[in-house]
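Throughout, protein chains are lettered first and strands after them, A, B, ... in sequence-line order, and every chain is numbered starting at 1. Quantities reported herein were computed from a predicted structural model and do not represent experimental measurements.
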Amino acid sequence: MYVWPSTVSLRASVPRKITSPASTEVTKAVKVVKYTYVPLSDLKPGVVVNVYAVVTFFKQPFRTKGTDYCSTLKITDQSNQKVGCTIFCDKLEEHPKIFKMGDIIRLHRVKTQLFNGAISLLTSHGFSVVTFDGMVGSPVVPRTSSESFKFGEEDCQVVEALRTWAANQSLVPAQPCVPLSAVQPKTYFDLTCQLLAKAPVDSSCTLLKVWDGSKCPHPLLDVFVEPNTLEGCPTLSKDMANLTANVLVYDNHVEVARQFKPGSYLRIYNLHAVPGASRLPSNDSGQSDQTGHLGFHLHGGTSYGRGLRVLPEDSPDILDLKKILETFSESDINDSSMFEVWSTPPESFGVLTFFTVMTCDHTVEQVSLAEVKSRSPPQVFHVQVQLKSYQPQRLYQSLKLFCHKCKTIRDVPDDVTVEGLFSEAQKDVGPCNNGYWTLVLPLPREPPSESPSQTLTLLMSSQLMGNGKAQELIFLMGTCRIASAYSNIVPVTSPQGTMTPLDLSAPFLFRGTKRYYGCKQCSQLKVGESLGEGVEVWDEKSVADALGVQLLQYGLLMKLELQDGTGFLEALLWRDAESFFHVSAEDAAADQEAQDRVQETMDRLCPPGSSTAERPWMDLCLSAYTVEENGQRRACYQICHTGTRGTNPHTHPHATPRDT
DNA sequence: GGTTAGGGTTCG
């Protein structure tokens, strides 16, 4: 509930509710007004309304030919209606403080208008605006210059509802924010950075020297200006370390840039990465050759939201940036021994260290994800990306069993399922008679108090006993916990008095802490026949051979959603997953330490609750191929020839294997 | 009090 003193404004602010003349009679007392917000799909032309919405496009305020600055927006809400919105206001500080697409906006007293057959919104008298960060879970802090704005619990709820809704809509097509370490030449991107220094170049161009703490893999263009024209102090060492980006700001943006003070934090929208800009002002012939070096242009005009603004120091993205910048001290940067490290591209350092290394030897050019998607498979790509998300979140679900013969993949059954299979098999346990097998004994149960009806039977191969190898392979009927004295244990049952391996849903073999599975489709069981002649070593392969089991191989399967500022791409990690994590899938199935290593890797790539800026960048080799599903062909991507690096062995204290 | 602009890459 809000206090509003004017009945005239009240009518405007509550257009659909106030109809009774009685409500306008209370003019002496202060009015209690609840703002009504109209869904964008319900807008009719020619009325003044209040709306709440998500910003899907915006231009920073720019000077018009009239007296005002203009902000151009596109907004939407749960009604899914997209509405254009034009804000005229002569004071810059009264324009909406929009930092990125997805921000939430509250507009009071905007006028609906029919333009080109669609409803648009225009500022009207008494207009006011408040904006909010759009990220789900971030604090609901209103951004406004107004001191008299009204904001309460209900507003919080509306903001949170819009955030939640927007999060599932993919309203923002691609993440336009890219650090210098991931800039692709010839692309347009948004840069969040700190201003180191600036210098006027001419009446329509200003130079901004900025950095974001990340090292660009491409050499950066240096723009020389007379030292006395330079405001602020860029350190030469940052230039030498390829940390300083030179941004040339043109035309209408010069006026905006004039207000900036060195040290402040900026976001530059639709910045153009231009390689080999050789004809630059004041780049005299004494300069070293900078052909191919990357310069940055903020072209004139406002297309694609081109513009720039100062971001407040307490905004989440700036807090992230500050953390990164704080990892550099001048002494580090001036330390000449560090230069050698830095001059070895594409290595980086600090928070933005590249997390992976490619082991392939093909020399394909690095491309953006947008480009990957535009080309048709089969093809190999090199990309520089961050991890957006991954599946499965429960890493044990990424363990799979793979049959080399029929190429099928199945899940590893969990302990409960395996237990169920054994209980079921136990029902068929009975005396069995077979010339090949020697009934050694019904084993005593541990603990002995367990039901006597559950018998446990140990069988050994007569043939192996003859060879003195009886202990190497035993057959076990019933369930138990058994000492590791036996290296290969095959669980069996005896439905019609014939010893038979269990259904192949269950492990057909236990070896130490490891379990092995067979393919139901491809195995042709032959227990009862003689065991393989001439087998020297009894391991999972020879046991499988002897029993006619098609051995399944363990593998790790994950789906990684990658991002690089030009788009998103889902890629599988399967064929080379083991070398990516530096673990064997078979170990991961049995060994806690190996499982932890996979988990730690994922936690470092995608720290829980982390923002994009905190996630490390990866160099990946991607293989693109085509799969056919239900008659539909689609491109599929797999990460190959890539391994994580920099894993500190000290972070992996020896762990005890999982109890089996 | 009315006007401005009404998204969709510069050309340095």
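For B:dG7, the base adopts the anti conformation, since its glycosidic angle falls more than 90 degrees from zero.
A:Asp77 contributes a side-chain N or O that, together with a main-chain N or O of A:Leu40, makes up a donor-acceptor pair within less than 3.5 Å.
Ring stacking holds between A:Tyr250 and B:dG12, with the centres under 5.5 Å apart and the planes within 30 degrees of each other. Evaluation of A:Phe88 against the base of B:dT4 yields a stacking contact (centre distance < 5.5 Å, interplanar angle < 30°).
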Discussion item. Using a 4.0 Å heavy-atom cut-off to protein, can you give one letter per nucleotide of nucleotides 6-11 of chain B, 5' to 3': B if the base is in contact, S if only the sugar-phosphate is, - if neither?
Written reply: BBSBB-

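The residue among A:Thr123 and A:Ser204 whose nearest nucleotide of DNA chain B lies closer to the 5′ end is A:Thr123.
Remark: the separation of the P atoms in B:dG6 and B:dT10 is 14 Å, to the nearest Å.
Atom CG of A:Asp90 and atom C1' of B:dG1 are 13 Å apart (whole Å).
Under the salt bridge (Lys or Arg N to Asp or Glu O under 4.0 Å) criterion, A:Lys322 pairs with A:Glu313, sequence neighbours left out. Evaluation of the side chain to side chain donor-acceptor pair (under 3.5 Å) rule for A:Tyr188 yields A:His272 as partners, not counting sequence neighbours.
The ring pair (Phe, Tyr, Trp, His ring centres under 6.0 Å) pairs that include a residue from residues 60-96 of chain A number zero, where partners must be two or more places apart or lie in different chains. Legend: side-chain hydrogen bond (donor to acceptor under 3.5 Å, both in side chains) pairs involving residues 113-129 of chain A, not counting sequence neighbours: none detected.
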Could you pull out every donor-acceptor pair under 3.5 Å between side chains of residues 156-163 of chain A and any protein atom, sequence neighbours left out?
from     : atom 1 : to       : atom 2 : distance (Å)
A:Arg163 : NE     : A:Asp133 : O      : 2.9
A:Arg163 : NE     : A:Met135 : O      : 3.3
A:Arg163 : NH1    : A:Met135 : O      : 3.3
A:Arg163 : NH1    : A:Ser138 : O      : 2.5
A:Arg163 : NH2    : A:Asp133 : O      : 2.9
A:Arg163 : NH2    : A:Ser138 : O      : 3.4
A:Arg163 : NH2    : A:Ser138 : OG     : 3.1
A:Arg163 : NH2    : A:Pro139 : O      : 3.4

